[in-house]
Amino acid sequence: MTAPSRSAPAETPAVRCRSLGVSFGTVQALREVSLDLAPGRIHALVGQNGAGKTTLAKVLGGLQAPQTGDVYIDGRRIPPGDVRAAQIAGLAMVHQHFSLPPSFTVAEALELTAARKGGRSFFRRSELHRQWQNEVAELGGPTMLSTRIRDLPVETRQSLEIVRALAGDARILLLDEPTALLTPAAIDQLFERLLRLRDEGVTILIVLHKLREVAAVAETVSVLRDGELVLGPREMAEVSEGLLSDAIVGPAFGTDRTISMAPAVKPTQETLLELVGLSSRESAFELGLDEINLRVESGEIVGIAGVEGNGQRSLVSVIAGLAPVAEGTMRLGGVDATRTGPAGRRQRGLRLVPFDRNTEGISRSAPLWLNQSALRLVGRHRWRLPLISLRQYKRQAAEDMDTWRVRYDTVAQPAESLSGGNVQRLILSRELSPGLEVLVAAQPTRGLDFSATDFVRRSLRELRDGGAGVLLISSDLDELFELSDRLLVMYGGRIVARFDAPYDRRAVGDAMTGAQR
Amino acid sequence: MEQILATTLRSAAPLVLVATAGVFAFRAGIFHLGLEGLMITGAFTTVAVGDATGSVELGILAAVGVNLALSALYWWVIGPLGANVIIAGLGLTSIGLGGTAFALGAIFDTRGSIFTDVVLPRPVRGITSGAGVIISDLSILVWITPLIVLAAWVVLRRSRFGLRLAAVGEYPFSARSAGVNPSIVRLQALLISGSLCALGGAELSVGALRNFTENMTNGRGFIAFVAVIFGAWHPIGAALAGLFFGFADAIGIQSQINITERVPREFVLMIPFVLTIFAVWLGGLWRRRSLEAEAGYAELREPD
């Protein structure tokens with residue numbers, strides 16, 4: 001057991017922090033957070049985006065030095081912002097972003113990150129492999145030791161992160177949103193593994209997003225909101241789901257008024273977007289497409305499920321006209337658009353909410369009004385001189401942004417000054433403009449908090465009800481199940497399965513991992 | 001023709017040493033454009049201190065010292081001060097080229113070049129075979145350069161320090177999460193890099209020649225930089241690339257001696273550079289690996 005209770009009555013908490021405070025500029029990320037975690041249990045930490053979960057995890061792991069407050073592990077104070085000291089005290093972290101360098105082999109990566117003492121400065125490759133073969137035995141045996149990290153599937157990378165974390169005899173494991181990239185089956189496996197570790201006496205703190213997952217694995221739960229701990233570690237048995245979600249969202253929940261869109265109304269069913277036997281070459285970053293067949297009709301939301309990196313980015317690029325088609329045809333509104341450029345496709349009613357809103361969705365340093373007006377600059381007003389009235393553009397942009405409730409100070413401020421949710425609203429205010437026929441929305445709610453997520457989902461539904469077609473690409477199964485009229489699963493650059501509602505979570509999950517049924 | 005081998009080795013040794021220096025910096029994620037500057041300060045300091053003390057060893061020691069100080073300065077500017085790596089590197093090169101030219105005037109009261117009596121030992125006078133002299137008159141640094149390359153390979157590919165260095169260059173977050181301070185590792189890499197540049201410069205001034213001339217490196221630091229990329233950031237690859245560029249240089253020198261009467265001199269002088277461009281183009285065709293390395297570069301950005 002980890003913490004043999006030295007003082008008999010009160011067990012020393014495995015992790016204790018006292019009045020932690022962290023601020024970035026004017027933003028207070030953590031405010032007076034004090035928390036005790038009992039040893040040998042699984043603790044969950046939940047909260048909205050920006051509530052300070054990751055910051056708290058980083059402070060505990062020593063990656064971020066707090067401005068105020070102290071962290072104690074097994075009763076001993078840890079110097080602030082010292083990863084090494086936290087590791088030696090027995091705490092290991094599994095990060096939200098994978099922490100192993102992609103070009104390293106598995107053995108090299110383990111050797112790099114393991115906090116082992118007394119390792120020799122120089123090594124032979126065979127020696128290295130011998131040392132690590134036990135650790136990776138259940139992940140695929142010694143042959144995988146010379147595999148490069150970037151060639152591993154996401155689940156294996158995740159498991160490897162845990163192997164790495166535990167290699168240094170860690171007694172406290174900190175997991176920061178480990179389920180974000182995993183399929184349902186892999187999440188179950190992860191949880192089983194955590195329960196086993198708990199039984200061996202490891203204390204676990206896991207940051208989670210979904211209440212369903214909290215209920216599945218955690219014994220106690222704590223809630224952060226706006227950097228404050230609003231619900232201390234409470235036994236799961238004592239809290240109801242309603243209590244939790246109230247604690248997460250907070251009392252004054254500002255509701256958005258609904259926005260009535262007026263898309264081109266299509267009384268009859270019509271195929272808006274159609275891909276026939278479409279293939280594309282692979283790029284340095286993403287698989288190519290392999291004979292994709294799909295159609296999006298008016299008044300429906302077609303969902304694309306799949307583990308990230310299975311060709312979804314290529315699909316969006318190809319549809320947007322940003323990546324070339326190798327073979328096959330793409331039609332927009334029944335007309336061949338395979339050779340049409342991005343601007344031409346926009347004019348035919350294609351709209352896009354891209355994967356990475358901060359790099360693909362906006363021009364970060366350009367002012368808000370220019371970002372908002374970008375579509376109006378494409379090909380319209382041919383009959384006029386190619387001159388624009390800045391005043392008119394700015395006024396129009398301000399109107400549209402107000403309609404979509406983008407929070408901003410002036411239309412001249414750079415787009416990068418907006419928060420994530422506001423950037424997404426800005427993009428929607430631009431893309432969901434008149435003339436829209438079909439919308440391709442890639443991960444439209446990733447990283448958004450509850451109210452913004454709700455807002456985006458309602459907007460997509462309204463769009464569909466107004467007769468537009470939506471292609472929704474997401475790695476969030478709950479979102480897909482909630483919104484999609486039909487669901488396609490991508491794996492290895494192909495569409496491997498098609499489902500109709502109601503959906504079977506297990507079957508969809510299997511298809512996502514490429515399992516044959 | 002028998003001279004080609006010796007000339008190749010003599011031209012290649014400084015390139016290989018500086019390319020190895022570049023590999024250390026590159027692997028730590030620093031696009032080191034100050035190699036040229038560190039090379040010439042190494043060449044100058046060896047001559048200046050060596051001449052004053054009469055000891056070539058002290059000269060090289062001083063050159064290493066000067067380069068350690070300059071490398072630490074470079075680290076301070078690009079690290080704690082956050083200056084642009086490329087511009088600071090070019091600045092370092094300017095300091096080296098201009099500073100040595102200035103010091104030449106200030107210390108020796110002369111312009112152009114100075115000659116010296118100190119010279120690196122030449123352990124092997126010459127190896128001859130039936131056909132004639134094969135290798136002659138190479139400095140000790142040329143002989144130990146392969147050992148240095150081998151040592152660099154061991155340190156970079158078979159040591160925990162090498163793993164930390166590569167992690168810092170490829171994905172600093174992974175180093176941080178492993179409890180490594182990326183800034184310190186970058187400093188270490190730059191110090192090693194600076195020392196190797198000093199050796200490369202010394203070989204140029206007191207190994208292959210016995211003088212220091214203004215701008216005598218003549219772009220060799222940049223060619224070494226190309227060799228690093230051509231060699232896919234690998235110590236052995238970069239050394240082979242350096243050897244190849246040395247060979248190209250040797251062909252230029254030899255043909256200059258042999259055929260200048262028939263071919264304009266300028267054309268002959270172009271040969272090494274044309275070969276360099278050709279080799280880089282060829283390298284791009286061969287290897288997709290370098291593309292991957294560049295793709296990896298994008299991940300330098302730390303996730304938050």
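Note on naming: letters A, B, ... go to the chains in the order of the sequence lines (proteins, then strands), and numbering restarts at 1 for each one.
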Using a 3.5 Å cut-off and no angle test, enumerate the donor-acceptor pairs between side-chain atoms of residues 239-246 of chain B and protein atoms at least two apart in sequence or in another chain.
none

Contact between [X] and [Y] at the side-chain level, heavy atoms closer than 4.5 Å - yes or no?
| X | Y | result |
| --- | --- | --- |
| Ser121(A) | Ser159(B) | no |
| Pro102(A) | Glu170(B) | yes |
| Leu112(A) | Arg164(B) | yes |

Q: Report the distance from atom OG of Ser99(A) to atom CZ of Phe173(B), rounding to the nearest 0.5 Å.
A: 6.5 Å
Q | CD-CZ distance between Gln64(A) and Arg176(B), expressed to the nearest 0.5 angstrom | A | 8.0 Å
Q: Answer with side chain, backbone, both or neither: which region of Leu63(A) has an atom nearer than 4.5 Å to a non-hydrogen atom of chain B?
A: both
Q: Mind checking ring-ring contact (aromatic ring centres under 6.0 Å, His included) for Phe225(B) and listing every partner two or more places apart, or none if nothing turns up?
A: Phe26(B), Phe31(B)
**Q.** Side chain, backbone, both or neither of Ala166(B) within contact of chain A (heavy atoms, under 4.5 Å)
**A.** both
**Q.** Region of Val180(B) that comes under 4.5 Å of a non-hydrogen atom in chain A
**A.** neither
**Q.** Side-chain (Gln87(A)) to main-chain (Ser177(B)) donor-acceptor, under 3.5 angstrom
**A.** yes
Q. What do the steps show when you test Phe122(A) against Arg160(B) for side chain to side chain contact (heavy atoms under 4.5 Å, CB included), and what is the final call?
A. CA-CA 6 Å; Phe122(A) 294 93; Arg160(B) 299 179 91 181; over 6 Å; no
Q. Less than 4.0 Å between a side-chain N and a carboxylate O, is that true for Glu127(A) and Arg158(B)?
A. no
